[in-house]
Each structure stands twice: as structure tokens, then as C-alpha cells.
K.L.:
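Right, I'll just put the structure down here and ask away after.
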Protein chains: 2
Amino acid sequence: MIQHLISFLDSYSPLSREEKEYLEAHIPIQSFSKNEFLLKQDEISNRFFFIINGCARMFYTVDGMEKTAFFYMEKDFVSAYERFTKQVPSKHSIQTIEKSTVAIISVETAQNLLQRFPKFEYLARVMMENELIIYQNIISSFITQNAEQRYLHLLKHRPDIIQRIPQYHLATYVGVSPETLSRIRKRILMA
Amino acid sequence: MIQHLISFLDSYSPLSREEKEYLEAHIPIQSFSKNEFLLKQDEISNRFFFIINGCARMFYTVDGMEKTAFFYMEKDFVSAYERFTKQVPSKHSIQTIEKSTVAIISVETAQNLLQRFPKFEYLARVMMENELIIYQNIISSFITQNAEQRYLHLLKHRPDIIQRIPQYHLATYVGVSPETLSRIRKRILMA
DNA sequence: AGCATTTATTGACGATCGTCAATGATATTT
DNA sequence: AAATATCATTGACGATCGTCAATAAATGCT
């Protein structure tokens, strides 16, 4: 299963045999059933993840309600927020949505990779740039779009998410209650 | 004036004489009066900025209304969105709020710095990490806080912004119309 | 200082959303 | 297949916000 991660990284910058072997030796794969937590709010995380198959969501708990901020699918890195700075209790949770298999990268392993293989400095930067762009687009969408527009955007550009994710998670993701997402969907069908 | 940028970078990682001289030689400083544009929507940007003094805002124009997303003050880098990928027309504008003096870094100069001096690879990564954390916090605040909470957060943590920025920009920044920010302020005073 | 322009406040009103509750549909379990 | 739990839809209602318009306050200009 680690091959999925290796070939993903390999597609950005071909890896040497040594690098591949290091990854195989130091990155464990773990299976999670549906609704398991990869990270719970207030925990201090010392690892991050790469989704090999299945999917997960990141969410905040606000006044007892769960508001999901991201979905992670196959080939996505599940970033540990603030992983670049000091270790602090997490403000969010990460939970599988389906049965999933996940590569687990500890902070220690990540640091070793960076020190040992210069190529991983490059890879880390590319991954970070990708993440930056994703964040920029999310911020932009919060500012320039309403819930209906965000849902339409998902319909058009991420039909996989619409398919796989329960509607009440999509609702909080686009920023409304499940009831009004239902009404938005009705409005869309009417038009 | 370039000294402001040099000593800012120097505080992260001391710069050699050669590096300093390269910055002096290749990074122009420019003065802008109030309300001048550093970047206009739909323009293709080939440079980014560092605020030496004054301040600026980044905003989206949505249905003819300007919604400001960020404020940049002294010692802030004004990032060109998507600067890491291909050059595309900008979806936002950047405009000074006060008379400001600004260091202008062209993409070409940035690339030369990265190639010539390894230290700038490190600096670029640190700046990018800082930016990531800022974005993460902004996304988190959009999801977990309402306009009043965001305004209170500014009051507590960024009194400088409250002081310097016109209230109608603060309003769109926290996500409401100027009228309702006025009412939020009234509510706060009552309590 | 006085005038003009810009910005902030206040009021009224309509539209939209969240909440609560009930019903209907779909999955899951036994 | 029936029973149960989970999820989606619909209706009613109150609260909040955006808009428009008017006024007040603050700022900039000569």
C-alpha cells in the first residue's frame, strides 16, 4: 500500500531506490473503519497523514455543532495544522467518513526525511505551495460566494465529493444548516 | 529604506554583505499615495511587495461591492496570489489605505535570489509557513466565528488595525455591511 | 475657520437563514 | 423481510442581516 504514496511523490520528482526504501521502512500504513478519529480536538498531534483510499473530513466543534472545513480524498495529505511550529492542542478533529487506509507520517520521520534527502525539501515545498493555493481558494470562496454558489461549484468541479459525502456534512461545509442545503438543492432543481 | 526589508530578513537568518548588497541593488523602493493600486483585478502580476511603512488592503470586487480580505501593515509581505504557479489574471486588487512606501520584488529577482543564495530558500520557506498559518487562522475564524466575534478578536489582538482602517473596510473584512458593523459596535458598548 | 466631502449612525422594511418539529425516505441490522 | 436507526425534506416562526434613505459626525481642503 505504501506504493500509492511512493508513486504519488515519484510523479512530482522521481525517487531513488534508497529514498523509496526509506519510506517503506518508516511509514506505517493503517486501516480505519468508518467514523474513526485520526485526530481529536485538544489532542497534541505529532503526525500527519496521506489518504491511500477512503476519505476523511476535518471539522471544528462550535457550540456543540460540528462544522466541517475540509474533505480529504485519495492522494491527499491531511495536514496537521500548525505542524510547522510548536506543538499545541488541536483546535479541530479529523475523522474518517468511509473505511479508509492511511499512511502515517510522524513528525520525527518527516524531519529525518528532510535532513537525509534534499529532494524532500523540494517535495515539502511543492506540497506546501499546493496547500497555500487551496487555502487561498477557500478564503476567496468564503468572501466572494454564498452557500448556493459554493454548492454549485462543488457540483461542477468536485462531483466525487457530492457523491460520497453525506449531505449534512456538505451543508456545514458550504456554510449552512442541513435544512437550508436541502432547500437550496430544491431551488436548483426548480431552475 | 531598503534597510527595513534587510533587517527584517536578517532577523530570521543573518544575511551576508553580499546578500545585502544584492538586495540593495535589485529591489526598488517606491512611494504610493493613499488609495493607489499596487495591483488591479484582471491584471497579471509579475511582482510582489513588502510594506516598509503605511498599509494596504487586498479586496475582491463582488457584484460591484468591494470586500476586503486582508490588511497588510509594516513588515508584511503582500503576496501575489498564485505567484508560485503560472501567471494568471488576478482575481483581486491591492490598494494602499495610507500613503505608503513599499519594496517591490519582481518574480525575476525572487528567482535569482533563490538560485544565487541558498539562504533565500530557507527564508522563502519560513515566509510561506507564516503565510500558511495566517491562512489557517483566517479559515478557522470564518467557520467558527461570527462577525461580532471577529470584530472583538480584532479589538483585542489587532488594535492597530482598528485604529488605522476605516470602519467600512473593517465591516467587509469581518463579513458584514458597514451598517451592521455600526450596530455591532453599539451592542458591544451597551454590554 | 468655514465649506465640502467622506464616513458613521440610525430607522424601517423585506428577505434569508437557523431552529424546532414532523414526516418521508434511505440504510443498516437482526 | 421486518424493524430500527440514520438521513433528507418540508413547514412554520422568529431572529438577524442587507438595503435604502435620512441624518449626524468627522475629515479634508482652501
Side-chain angles (χ1 to χ4, degrees), chain A residues 33-36 54-55 57 59-68 71 95-99 141-152 154-155 159 161-191, chain B residues 32-36 54-55 57 59-68 71 95-100 141-152 154-155 159 161-191:
Chain A
S33 51
K34 190 176 170 178
N35 294 334
E36 270 196 271
C55 62
R57 71 188 178 107
F59 67 93
Y60 296 92
T61 304
V62 185
D63 299 333
M65 284 179 313
E66 295 181 356
K67 305 208 171 184
T68 113
F71 299 111
Q95 186 185 30
T96 58
I97 291 176
E98 305 171 353
K99 183 173 181 323
S141 83
F142 275 124
I143 293 172
T144 65
Q145 297 186 295
N146 61 27
E148 176 166 343
Q149 291 169 321
R150 278 202 288 277
Y151 184 78
L152 286 171
L154 276 187
L155 266 182
I161 288 184
I162 302 275
Q163 292 288 329
R164 289 167 74 172
I165 310 288
Q167 201 169 304
Y168 63 104
H169 285 155
L170 296 178
T172 66
Y173 179 73
V174 302
V176 293
S177 68
E179 290 93 333
T180 99
L181 178 57
S182 174
R183 293 184 174 108
I184 286 172
R185 281 162 47 85
K186 197 178 179 181
R187 266 210 306 272
I188 292 174
L189 287 179
M190 300 299 188
Chain B
F32 292 90
S33 50
K34 191 174 169 178
N35 294 332
E36 270 196 90
C55 62
R57 71 190 178 107
F59 67 94
Y60 296 91
T61 304
V62 186
D63 298 332
M65 285 178 313
E66 296 180 355
K67 306 209 170 184
T68 113
F71 299 110
Q95 186 185 31
T96 57
I97 292 176
E98 305 171 353
K99 183 175 182 321
S100 306
S141 83
F142 275 124
I143 293 172
T144 66
Q145 297 186 296
N146 61 27
E148 177 167 343
Q149 291 168 322
R150 278 202 288 278
Y151 184 77
L152 286 170
L154 276 188
L155 266 182
I161 287 184
I162 302 274
Q163 292 289 330
R164 290 167 72 170
I165 310 287
Q167 199 169 304
Y168 63 103
H169 285 154
L170 296 178
T172 65
Y173 179 74
V174 301
V176 293
S177 68
E179 292 92 334
T180 99
L181 178 56
S182 174
R183 292 182 175 109
I184 286 173
R185 281 162 48 85
K186 196 177 181 182
R187 268 211 304 275
I188 292 174
L189 287 180
M190 300 297 188

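Excluded from the calculations below are hydrogen atoms, water molecules and symmetry mates; all remaining heavy atoms, backbone and side chain alike, are included.
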K.L.:
Name the residue closer to the 5' end of DNA chain D, choosing between Lys34(B) and Leu181(B) according to the nucleotide with the nearest heavy atom.
P.N.:
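So the residue in question is Leu181(B).
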
K.L.:
Applying the side-chain contact (heavy atoms from CB on, under 4.5 Å) criterion to Ile165(B), which one of Ile97(B), Leu154(B), Thr68(B) satisfies it?
P.N.:
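The side-chain contact (heavy atoms from CB on, under 4.5 Å) with Ile165(B) is passed solely by Ile97(B) among Ile97(B), Leu154(B), Thr68(B).
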
K.L.:
dT10(D), OP1 or OP2 - any side-chain N/O from Lys186(A) closer than 4.0 Å?
P.N.:
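It does, given that an N or O in the side chain of Lys186(A) lies less than 4.0 Å from OP1 or OP2 of dT10(D).
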
K.L.:
Is it true that Arg150(A) and Tyr173(A) share a donor-acceptor pair across their side chains at a distance under 3.5 Å?
P.N.:
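Arg150(A) and Tyr173(A) do not have a side-chain donor-acceptor pair below 3.5 Å.
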
K.L.:
Please state whether the phosphate of dT9(D), meaning OP1 or OP2, lies under 4.0 angstrom from any side-chain nitrogen or oxygen of Arg185(A).
P.N.:
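Yes, Arg185(A) has a side-chain N/O under 4.0 Å of OP1/OP2 on dT9(D).
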
K.L.:
Are OP1 or OP2 of dG18(D) and a side-chain N or O of Thr180(B) less than 4.0 angstrom apart?
P.N.:
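For dG18(D), OP1/OP2 do have a side-chain N/O of Thr180(B) under 4.0 Å.
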
K.L.:
By nearest atom, which of the nucleotides dA8(C), dT19(C), dC7(D) is closest to the Arg183(A) side chain?
P.N.:
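When the side chain of Arg183(A) is considered, dT19(C) is the closest of dA8(C), dT19(C), dC7(D).
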
K.L.:
The side chain of Glu179(A) is closest to which nucleotide in this list: dT19(D), dA8(C), dA21(C)?
P.N.:
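Within the option list, the nearest is dA21(C).
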
K.L.:
Would you mind telling me which of dT19(D), dG28(D), dT9(D) lies closest to the side-chain atoms of Met65(B)?
P.N.:
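Per side-chain heavy atoms of Met65(B), the pick is dT19(D).
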
K.L.:
When you compare the side chain of Phe59(A) with that of Ile143(B), does any pair of heavy atoms fall below 4.5 Å?
P.N.:
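Result no, sub-4.5 Å side-chain heavy-atom pair not found.
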
K.L.:
Looking only at side-chain N and O atoms, does Ser177(B) come under 4.0 Å of OP1 or OP2 in dC17(D)?
P.N.:
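Answer no for this pair, as no side-chain N or O of Ser177(B) is under 4.0 Å from OP1 or OP2.
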
K.L.:
What nucleotide, of dG18(D), dT19(D), dG11(D), holds the atom closest to the side chain of Val176(B)?
P.N.:
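Out of dG18(D), dT19(D), dG11(D), the nucleotide with an atom closest to Val176(B)'s side chain is dG18(D).
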
K.L.:
Using a cut-off of less than 4.0 Å, is there contact between a side-chain N or O of Gln167(A) and OP1 or OP2 of dT26(C)?
P.N.:
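Looking at the OP1 and OP2 atoms of dT26(C), neither is under 4.0 Å from any side-chain N or O of Gln167(A).
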
